[in-house]
Amino acid sequence: MPELPEVETIVTDLKKLISGLKITNVWSDIPAFQKIKKKIVGRKILGIERKGKNILIGLNQDKTLLVHQKMTGHLMYGKWKRENGAWRSILPGPMRDDPENRFIHLIFFLSNGRQLALCDMRKFAKVVVLPTEKALKELEQLGPEPLAKNFNFKSFSKIIKNKHSKIKSVLMDQSVIAGIGNIYSDEILWLAGIHPVKKATDLKEKELKKIYLATKPVLKRAISARGSSYIDYRDAFGKKGKYQEIQNAYGLEGQKCKKRDGGIIKRIKIGGRSAHFCPIHQKL
DNA sequence: TGCAGTGTTGCTTC
DNA sequence: CGAAGCAACACTGC
């Protein structure tokens with residue numbers, strides 16, 4: 001679920017909320033997660049950063065808590081109480097009676113009395129504690145960060161030009177660019193005016209440039225909107241993102257293209273994923 | 001009722 | 001080797 005904008009939103013918030021705190025206890029109903037308890041209880045949280053869609057929580061003694069939220073995972077900061085076998089938020093706010101609470105599978109108890117909870121309906125999320133060096137090594141295969149200052153057209157086009165897959169799939173390939181998934185690949189191609197099925201290797205210099213130039217604005221706008229909450233994404237405070245209200249392609253099948261070019265947004269399958277595009281201004 | 005579809009990734013297959 | 005297909009899981013909507 002969470003792509004770069006959603007992960008960036010949570011990381012920015014968590015930096016302010018949990019940096020400097022100690023982890024005092026860990027609860028989980030998933031055996032794999034229960035094992036991390038003895039590795040991190042008593043450790044201090046030094047800092048938090050994002051790499052692609054990964055969240056790295058730096059701990060003392062050179063350990064890193066590596067979290068990938070995959071499809072439906074999201075971290076929330078608050079306070080929950082176990083009631084009748086379920087976790088219930090006891091703070092005022094949107095988490096109070098959010099049905100999402102029933103999917104809490106992991107809780108870190110913090111030294112200020114608050115908790116960091118992982119909500120994950122489909123249980124795909126990855127949470128591991130590794131020596132920092134190892135964690136960084138695991139993420140070595142990630143492509144460049146599209147929002148970094150050194151993300152330039154030359155390196156961007158060089159990687160993409162010789163890929164033989166469809167451009168949408170290439171944009172979602174984490175080793176090509178880090179952080180782009182199904183929603184934002186649709187949005188980037190809509191803004192660039194490129195058909196998602198087009199083979200990357202067939203793109204002309206001018207078309208590559210359009211994609212490159214569309215990438216940053218789409219991601220930045222999504223970060224400003226605090227991400228998309230198509231189904232279950234929540235920010236650290238249990239609030240939904242607003243990008244789905246300003247989307248141009250994703251999830252808009254059958255609606256008029258917002259470019260007012262007379263197109264009706266079409267939905268097709270690409271590599272097993274749904275792709276949305278305007279057949280008028282995104283021609284093959 | 002049952003089954004296709006869902007924002008990700010990595011393993012298997014060709 | 002690179003590209004494509006599918007499974008991991010739980011739930012929703014047609």
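Just so it is clear, the model here is predicted, and its values are computed rather than measured. Letters A, B, ... are given to chains in the order of the sequence lines, protein chains preceding strands, and every chain is numbered from 1.
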task = Please report, rounded to the nearest Å, how far the P atom of B:dT6 is from the CD1 atom of A:Ile183.
result = 12 Å
query = What does A:Lys126 touch in the nucleic acid at a heavy-atom separation under 4.0 angstrom: a base, only the sugar-phosphate, or nothing?
reply = nothing
task = Measure the distance from NZ on A:Lys123 to C1' on B:dT8 and round it to the nearest whole Å.
result = 18 Å
task = Would you indicate what A:Gly181 reaches in the nucleic acid, counting non-hydrogen atoms under 4.0 angstrom: base, sugar-phosphate, or nothing?
result = sugar-phosphate
message = Do A:Lys216 and A:Phe151 form a cation-pi contact, if we require the NZ or CZ to be under 6.0 Å from the six-membered ring centre and within 45 degrees of the ring's axis?
response = no
inquiry  = Side chains of A:Thr9 and A:Asp235: any donor to acceptor distance under 3.5 Å?
reply    = no
ask   = Hey, is the side chain of A:Lys269 poking within less than 4.0 Å of OP1 or OP2 on B:dG5, counting only N and O atoms?
value = no
task = Please list, in 5' to 3' order, the outermost nucleotides of DNA chain C lying under 4.0 Å from any heavy atom of chain A.
result = C:dA3 to C:dT12
request  = Could you tell me whether the side chains of A:Asn248 and A:Lys259 share a donor-acceptor contact shorter than 3.5 Å?
outcome  = no
ask   = C:dC9 and B:dT12: how far apart are their P atoms, nearest whole angstrom?
value = 16 Å
inquiry  = Can you work out whether A:Gly272 or A:Asn54 has the more 5'-proximal nearest nucleotide on DNA chain B?
reply    = A:Gly272
inquiry  = Please report the distance, rounded to the nearest Å, between CD in A:Gln69 and C1' in B:dT6.
reply    = 16 Å
message = Is the phosphate of B:dT9 approached by A:Arg122 (side-chain N or O, under 4.0 Å from OP1 or OP2)?
response = no
task = Please report, rounded to the nearest Å, how far the P atom of B:dT8 is from the CG atom of A:Asp173.
result = 13 Å
query = Judged by modelled atom types alone, do A:Asp29 and A:His105 share a side-chain donor-acceptor pair under 3.5 Å?
reply = yes
remark   = The answer to which of A:Met121 and A:Gln174 contacts DNA chain B further toward the 5' end, by nearest nucleotide, is A:Met121
ask   = Taking atom types as modelled and ignoring hydrogens, do the side chains of A:Gln69 and A:Tyr233 form a donor-acceptor contact shorter than 3.5 angstrom?
value = no
task = Return yes if a side-chain donor-acceptor contact under 3.5 Å exists between A:Ser228 and A:Tyr250, otherwise no.
result = no
key: Whole-angstrom distance between C:dC6 and B:dA4, as gauged at atom P   = 12 Å
ask   = Which is true for A:Tyr184 with a 4.0 Å heavy-atom rule: it touches a base, it touches only sugar-phosphate, or it touches nothing?
value = nothing
ask   = Should A:His68 be listed as having a side-chain N or O under 4.0 Å from OP1 or OP2 of B:dT9?
value = yes
message = Between P on B:dG5 and CD1 on A:Ile268, what's the gap in Å once rounded to a whole number?
response = 14 Å
message = Taking only the P atom of each, what is the distance from C:dC1 to B:dT9 in whole angstrom?
response = 22 Å
ask   = For the rings on A:Phe277 and A:His195, is their centre-to-centre separation under 6.0 Å?
value = yes
request  = Measure up the A:Tyr212 and A:Phe156 rings against each other and bin them: parallel (under 30°), tilted (30 to 60°), perpendicular (over 60°).
outcome  = tilted
ask   = Now, which nucleotide makes the Watson-Crick or G-U wobble pair with C:dC9, with each of the two distances under 3.5 Å?
value = none
task = Would you kindly give the CE-to-C1' distance between A:Met172 and B:dT9, to the nearest whole Å?
result = 11 Å
Between B:dT6 (C1') and A:Glu6 (CD): distance, integer Å = 15 Å
key: Length of the line joining A:Ile270:CD1 and B:dT6:P, which is rounded to integer Å   = 12 Å
query = Just checking A:Ser274: base, sugar-phosphate only, or nothing, at a heavy-atom cut-off of under 4.0 Å?
reply = sugar-phosphate
